[in-house]
Amino acid sequence: MGTIHDARMKLRGELEAPAWARRFGSGWISGVLGLVLGLGGFLLVLSLLAPGWFSLPELHSLHDNPWFRFGLHAILITAFFLSTVSLALRPGKILGTCGVALAVLAAVLGGSQTTAVVNGKAPMFLGLDFFVLRILFTGFLFIPLERIFSQRDDQSIFRSEWREDLFYFLVSSLLVQVLTFLTFIPAKSLLVITPLTDLRAWVAQLPFVVQFVAIMILTDIVQYWLHRAFHRIPFLWRFHAVHHSARSMDWMAGARMHFLEILALRSTTVIPMYVLGFSAPAMNTYIFVVYLYSTFVHANLSWRFPVVEKFLVTPRFHHWHHGIEREAIDVNFAIHFPLLDRIFGTYFLPKDKWPQGYGIDGHPVPLGYIPQLKYPFQKPKS
Ligand SMILES: [Zn+2]
Ligand SMILES: [Zn+2]
C-alpha cells in the first residue's frame with residue numbers, strides 16, 4: 001500500500017510541478033499528454049471489453065466504425081511515443097513510466113482490435129467511454145485556448161482543487177444513465193397531462209434556427225429564476241454553495257455541482273423544451289451547445305467582447321457571478337442573455353474589471369466530493 005501511495009503522491013507532485021519544471025523541453029508536456037492519452041486509451045479498451053457495463057448505448061455504433069478504431073490506435077501509439085520522449089527528457093520518470101505502462105496494458109488487452117469478452121448487459125451501465133471522450137474533446141478544445149488567452153497567467157492546468165473538479169466530471173459522466181432517466185421524469189409526466197397537441201405540431205415544424213433560439217430564450221428564463229431561488233432560499237443555497245465554492249475558474253470548474261442541483265436544474269430546464277414539442281434535432285443541438293457554453297463561461301479566458309458582452313453571457317460576466325467581492329453577491333444569474341439580469345435588476349459588470357478572486361467569503365464548504373454531497377444536509381455552523 002505504501003508504494004502505491006508514494007507513487008500516487010509522486011505523480012501528483014509531477015502534475016502540479018512549478019512553472020520552471022513544466023517548461024518546454026523538460027519532458028512535462030510530453031509526459032502529461034502521454035499519461036492522459038494512455039489512461040484514456042486504456043479506459044476505452046475497458047469499455048470495449050464489457051460494453052454492456054462501461055459504454056453508453058449511443059456510442060455502441062462507434063465501436064464498428066473503422067475511424068473510431070483508427071483513432072484508438074493513434075491514441076495508444078501517441079501515448080507510447082510521447083511517454084518515451086518524456087522518459088528521455090525528464091529526470092523524474094513517473095509520468096513517462098505510467099504513460100508507457102497504460103499504453104502497453106491497453107495493447108495487451110487487445111488495443112484497437114479489442115472485442116467484447118463480457119457480452120451481457122449490466123442492470124445499470126457506467127458511461128466510462130462517455131467520460132473519456134468528453135474529457136478529451138473538452139480538454140483539447142479549451143486547454144490550448146486557456147494557455148493562449150488566459151485571464152490568470154499564473155494558473156496552471158493542475159491548479160488547486162483540480163482533482164475534486166475532475167471527480168465531478170467523472171461522476172456525472174459515469175452516472176449519465178441515472179441522470180438522464182431522472183431528468184426527464186417531470187417533463188414526461190407533464191407531457192401526458194398537457195393537452196397541447198396542436199401547439200406542439202406547430203412548434204415542431206418551425207425552422208430549426210427559430211426553434212433553437214426559442215429554446216435558448218425559454219430555458220434561460222426558467223433557469224434565471226431557478227438560479228435566483230438557489231441563491232435566495234437558504235436551504236437551496238446550501239446546495240448551490242457547492243458550485244460557488246470553486247476558488248479557481250477554468251474549463252473544469254463548472255462541473256462542480258451538487259448531484260441534486262444538477263437534477264433540479266436539468267429537469268426544470270427540459271420542461272419547456274419537451275412540453276412545447278420542440279424537435280429532437282433542435283433539443284439535442286441545444287443540449288450540446290449549452291454544455292460547451294457553460295464550460296466556456298467558466299473558462300480561464302481573458303477574451304473581451306465589448307459588443308457581444310451586451311447581448312450574450314461571456315466569461316467575464318459569469319466570473320463576476322463567482323466573484324469573492326461583496327458587489328458580486330447575487331448578481332448575473334443568466335446563463336445566455338444578460339438582458340434578463342438588466343430587466344430584473346441583478347446586472348453587474350464593471351467596465352474592464354475582473355473579480356479579485358472566486359468562492360464564498362470565509363469558504364464554508366468543505367473540500368472533496370463526499371463532504372460536499374453531505375454539506376447541504378448538515379447543520380449550518382453559526
Ligand atoms: Zn450561482
Ligand atoms: Zn458557475
Side-chain angles (χ1 to χ4, degrees), residues 4 7-8 11 14-15 27-90 93-144 157 166-167 169-180 284 288 291:
I4 293 178
R8 220 163 57 90
L11 193 60
E14 277 286 72
L15 293 172
W28 189 82
I29 299 171
S30 51
V32 169
L33 273 172
L35 176 69
V36 169
L37 292 176
L39 184 60
F42 172 70
L43 295 178
L44 283 178
V45 166
L46 283 189
S47 73
L48 288 172
L49 285 170
W53 290 74
F54 299 127
S55 177
L56 197 69
E58 286 78 4
L59 294 174
H60 286 186
S61 58
L62 264 185
H63 294 178
D64 299 322
N65 185 316
W67 286 104
F68 172 76
R69 297 283 174 172
F70 174 77
L72 179 55
H73 196 67
I75 285 176
L76 293 174
I77 299 267
T78 315
F80 186 84
F81 172 73
L82 290 174
S83 302
T84 318
V85 170
S86 175
L87 282 173
L89 289 172
R90 198 160 180 81
K93 304 296 179 196
I94 190 86
L95 286 175
T97 309
C98 290
V100 166
L102 284 162
V104 169
L105 192 58
V108 169
L109 290 172
S112 63
Q113 299 307 310
T114 304
T115 47
V117 290
V118 180
N119 283 306
K121 258 170 92 174
M124 186 194 100
F125 68 82
L126 297 174
L128 191 63
D129 52 357
F130 179 55
F131 169 68
V132 175
L133 297 176
R134 189 176 157 202
I135 282 287
L136 290 182
F137 173 74
T138 323
F140 276 95
L141 189 65
F142 281 97
I143 291 172
I157 304 169
L166 185 64
F167 196 73
F169 251 106
L170 178 70
V171 174
S172 65
S173 308
L174 290 184
L175 299 184
V176 59
Q177 184 185 23
V178 185
L179 270 170
T180 313
N284 292 336
F288 179 65
Y291 167 67

Main-chain N/O of [Y] paired to [X] side chain as donor or acceptor, under 3.5 Å:
X: Q177; Y: F125; result: yes
X: S86; Y: L82; result: no
X: K121; Y: G52; result: no
X: T114; Y: G111; result: yes

Let me confirm one number: the [atom1]-[atom2] distance from [X] to [Y], rounded to the nearest 0.5 Å.
X: N65; Y: L59; atom1: CG; atom2: CG; result: 11.5 Å
X: S173; Y: L179; atom1: OG; atom2: CG; result: 9.5 Å
X: D64; Y: F68; atom1: CG; atom2: CZ; result: 10.0 Å
X: L49; Y: L128; atom1: CG; atom2: CG; result: 11.0 Å
X: L56; Y: L126; atom1: CG; atom2: CG; result: 11.0 Å
X: I4; Y: L11; atom1: CD1; atom2: CG; result: 13.0 Å

(request) Apply the test side chain to side chain contact (heavy atoms under 4.5 Å, CB included) to residues L102 and L37: give CA-CA distance (whole Å), side-chain angles for both, the deciding distance (0.1 Å), then the verdict. (result) CA-CA 9 Å; L102 284 162; L37 292 176; over 6 Å; no

Minimum-distance pair of heavy atoms, taken over all atoms of [X] and [Y]:
X: G34; Y: A79; value: O-CB, 3.6 Å
X: H60; Y: P51; value: NE2-O, 3.6 Å
X: L72; Y: L48; value: CD2-CD1, 3.6 Å
X: I75; Y: L44; value: CD1-CD1, 4.5 Å
X: I157; Y: W28; value: CD1-CH2, 4.5 Å
X: H63; Y: R69; value: O-NE, 2.8 Å

Side-chain touch [X]/[Y], heavy atoms, less than 4.5 angstrom:
X: L170; Y: I135; result: no
X: L33; Y: F140; result: yes
X: L175; Y: M124; result: yes

CZ of F70: more than 12 outside heavy atoms within 6.0 angstrom?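 No - once you tally the heavy atoms of other residues, nucleotides and ligands closer than 6.0 Å, there are 12 at most.
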
Check whether more than 12 heavy atoms from other residues, nucleotides or ligands sit under 6.0 Å from atom CZ of F80, and answer yes or no.
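No, CZ of F80 has 12 or fewer neighbouring heavy atoms, counting only those of other groups under 6.0 Å.
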
Show the numbers, then the answer: is there a side chain to side chain contact (heavy atoms under 4.5 Å, CB included) between D129 and L62?
CA-CA 11 Å; D129 52 357; L62 264 185; over 6 Å; no

(message) Does C98 form a side chain to side chain contact (heavy atoms under 4.5 Å, CB included) with E14? I'd like the steps, not just the answer.
(response) CA-CA 12 Å; C98 290; E14 277 286 72; over 6 Å; no

